[in-house]
S.K.: 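Could you have a look at this structure, given as structure tokens, before my questions?
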2 protein chains.
Amino acid sequence: MGNQRLYKGTLQTIVLTLLEEKGKMYGYEITQKVKALTKGSLTITEGALYPTLHKLEAEGLLEVEVVRVDNRLRKYYTLTDQGSRETAHKLSEMEAFIETLQRIVNLKPA
Amino acid sequence: MGNQRLYKGTLQTIVLTLLEEKGKMYGYEITQKVKALTKGSLTITEGALYPTLHKLEAEGLLEVEVVRVDNRLRKYYTLTDQGSRETAHKLSEMEAFIETLQRIVNLKPA
DNA sequence: ATATATACCTAAGATTGTTAGGTATTACAA
DNA sequence: TTGTAATACCTAACAATCTTAGGTATATAT
């Protein structure tokens with residue numbers, strides 16, 4: 001909770017990174033994973049997640065496989081090759097951005 | 001350059017923190033300061049900055065003093081007491097958020 | 001039975017930032 | 001002296017992103 005506002009812009013990177021680590025995940029699993037990883041401090045809403053997954057798929061970064069488990073559908077997403085490259089790219093961008101932010105708020109010298 | 005998208009949501013915190021450090025600043029100065037601090041990697045657009053300054057002022061976090069320098073106007077902004085408290089709050093939120101992000105992307109255990 | 005968890009989805013609205021203008025003064029170079 | 005860049009403010013249309021608030025359906029526990 002607190003400042004969910006800061007989270008704007010980071011969702012794609014979060015999703016891609018989790019997929020890179022886990023290999024494949026489905027949407028609901030991602031929401032639960034993030035909740036667990038952050039001890040509840042960050043909640044990914046489904047209204048944000050599902051459109052993001054669809055967009056990443058449309059861009060060719062993700063592939064989908066639909067599986068029926070307990071008579072319910074799961075859509076497992078995996079990274080394409082392009083998705084892996086883009087993940088590495090977005091991750092390094094995020095790391096650079098975090099450093100930038102820290103430099104600004106701590107006023108570290110250039 | 002790179003991912004300006006990540007920067008969404010952080011502008012208020014950046015502005016407030018710079019003001020806390022510097023005491024008072026005017027808009028144009030803030031854009032230049034951020035450019036310098038980040039060696040050009042983060043550019044605050046005026047279309048984002050000025051509305052943000054006006055909003056923070058409307059919320060009672062900033063005070064304005066108009067000064068004429070070289071026959072040009074400068075609007076110096078300073079933190080109100082409420083602004084100082086809010087700055088501390090937003091800063092700690094940002095630190096927590098950065099930790100959260102790092103935990104997710106590095107998959108650090110909870 | 002009923003509520004909660006699982007699992008997907010979308011649409012309206014809000015927030016926030018970009019793009020692309022506008023005004024005006026000062027400083028510097030051609 | 002004329003034009004361009006820098007300084008210094010501003011706004012409006014658009015775009016991207018997320019929240020809120022629904023919807024559908026099955027499984028599980030009370």
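Only a predicted model underlies this, so the values are computations on that prediction, with no experimental measurement involved. So that the names make sense, note that chain A is the first sequence line, chain B the second, and so on, each numbered from 1.
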S.K.: Just to confirm, is there a sub-4.0 Å distance from OP1 or OP2 of C:dC8 to any side-chain nitrogen or oxygen of A:Tyr50?
M.R.: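 Answer yes for this pair, as a side-chain N or O of A:Tyr50 is under 4.0 Å from OP1 or OP2.
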S.K.: Please determine whether a side-chain nitrogen or oxygen atom of B:Thr45 lies at a distance below 4.0 Å from atom OP1 or OP2 of C:dT18.
M.R.: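 Yes.
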S.K.: Rounded off to whole Å, could you give me the CE-to-P distance for the A:Met25 and C:dA7 pair?
M.R.: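 Whole-Å distance recorded here is 12 Å.
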S.K.: Could you state the OH-C1' distance from A:Tyr7 to C:dA14, rounded to the nearest angstrom?
M.R.: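 Taking atom C1' of C:dA14 as the reference, OH of A:Tyr7 is at 15 Å.
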S.K.: Using a cut-off of 4.0 Å on non-hydrogen atoms, how would the nucleic acid contact of A:Gly47 be classed: base, sugar-phosphate, or nothing?
M.R.: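 Base contact.
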S.K.: Does A:Val105 offer a backbone N or O that forms a donor-acceptor pair with the side chain of B:Thr17 under 3.5 Å?
M.R.: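 A pair under 3.5 Å: no.
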S.K.: Given side chain to side chain contact (heavy atoms under 4.5 Å, CB included), test B:Arg74 with B:Glu29 step by step and report yes or no.
M.R.: CA-CA 10 Å; B:Arg74 284 183 188 169; B:Glu29 183 184 9; over 6 Å; no
S.K.: Starting at CG of A:Leu49 and ending at C1' of C:dC9, how long is that distance when rounded to a whole Å?
M.R.: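 Rounded to the whole Å, the gap is 11 Å.
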S.K.: When the distance from OH of A:Tyr26 to C1' of C:dA5 is rounded to whole Å, what number comes out?
M.R.: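 Computing the A:Tyr26:OH to C:dA5:C1' distance gives 11 Å.
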S.K.: Rounded to the nearest 0.5 Å, what separates atom CZ in B:Arg85 from atom CG in B:Leu16?
M.R.: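 Spacing of CZ (B:Arg85) from CG (B:Leu16) equals 13.0 Å.
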S.K.: Consider side chain to side chain contact (heavy atoms under 4.5 Å, CB included). Of B:Leu53, B:Thr78, B:Leu19, which one does B:Met25 pass it with?
M.R.: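 That would be B:Leu19; it is the only one of B:Leu53, B:Thr78, B:Leu19 passing the side chain to side chain contact (heavy atoms under 4.5 Å, CB included) with B:Met25.
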S.K.: Please tell me if A:Lys55 has a side-chain N or O lying less than 4.0 Å from either OP1 or OP2 of D:dT17.
M.R.: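 Yes.
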S.K.: Once you round it to whole Å, what is the distance between P of C:dT6 and CD of A:Gln32?
M.R.: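 Rounded to whole Å, this separation is 6 Å.
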S.K.: Please confirm whether any donor atom in the side chain of A:Lys8 sits under 3.5 Å from an acceptor in the base of D:dT17, or the reverse.
M.R.: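 Pair found.
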S.K.: Any donor and acceptor pair, going by atom type alone, linking the side chain of A:Thr80 with main-chain N or O of A:Gly60 inside 3.5 Å?
M.R.: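 Yes, the answer is positive, given that a donor and an acceptor are paired below the 3.5 Å cut-off.
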S.K.: In terms of side-chain heavy atoms, does B:Arg68 have a donor or acceptor partner in B:Asn71 at a distance below 3.5 Å?
M.R.: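 The answer is yes; a qualifying pair exists.
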S.K.: Side chain of B:His54: nearest nucleotide among C:dG17, D:dT11, D:dC18?
M.R.: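 Out of C:dG17, D:dT11, D:dC18, the nucleotide with an atom closest to B:His54's side chain is D:dT11.
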S.K.: What is the nucleic acid contact for B:Glu29, judged by heavy atoms within less than 4.0 Å: base, sugar-phosphate only, or nothing?
M.R.: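 It contacts nothing in the nucleic acid.
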S.K.: Which ones in residues 65-77 of chain A lie close to DNA chain C, meaning a heavy atom under 4.0 Å from one of its atoms?
M.R.: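 Hits under 4.0 Å, by residue number: A:Arg72, A:Leu73, A:Arg74, A:Lys75.
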S.K.: Give a yes/no answer on whether the side chain of A:Tyr28 brings an N or O atom under 4.0 Å of OP1 or OP2 in C:dT6.
M.R.: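 Yes, A:Tyr28 has a side-chain N/O under 4.0 Å of OP1/OP2 on C:dT6.
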S.K.: Just how far, in rounded Å, is C1' of C:dA7 from CD1 of A:Ile44?
M.R.: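 Distance, rounded to whole Å: 16 Å.
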S.K.: Take atom CG of B:Leu53 and atom C1' of D:dC10, then tell me their distance rounded to the nearest Å.
M.R.: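 Distance check: B:Leu53 CG to D:dC10 C1' gives 12 Å.
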S.K.: Can you tell me which residue among B:Thr31, B:Leu37, B:Ile30 is in a side chain to side chain contact (heavy atoms under 4.5 Å, CB included) with B:Lys33?
M.R.: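 It is B:Leu37; the other options fail the test.
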S.K.: To the nearest Å, give me how far apart CD (B:Glu57) and C1' (D:dC9) are.
M.R.: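 That distance rounds to 14 Å.
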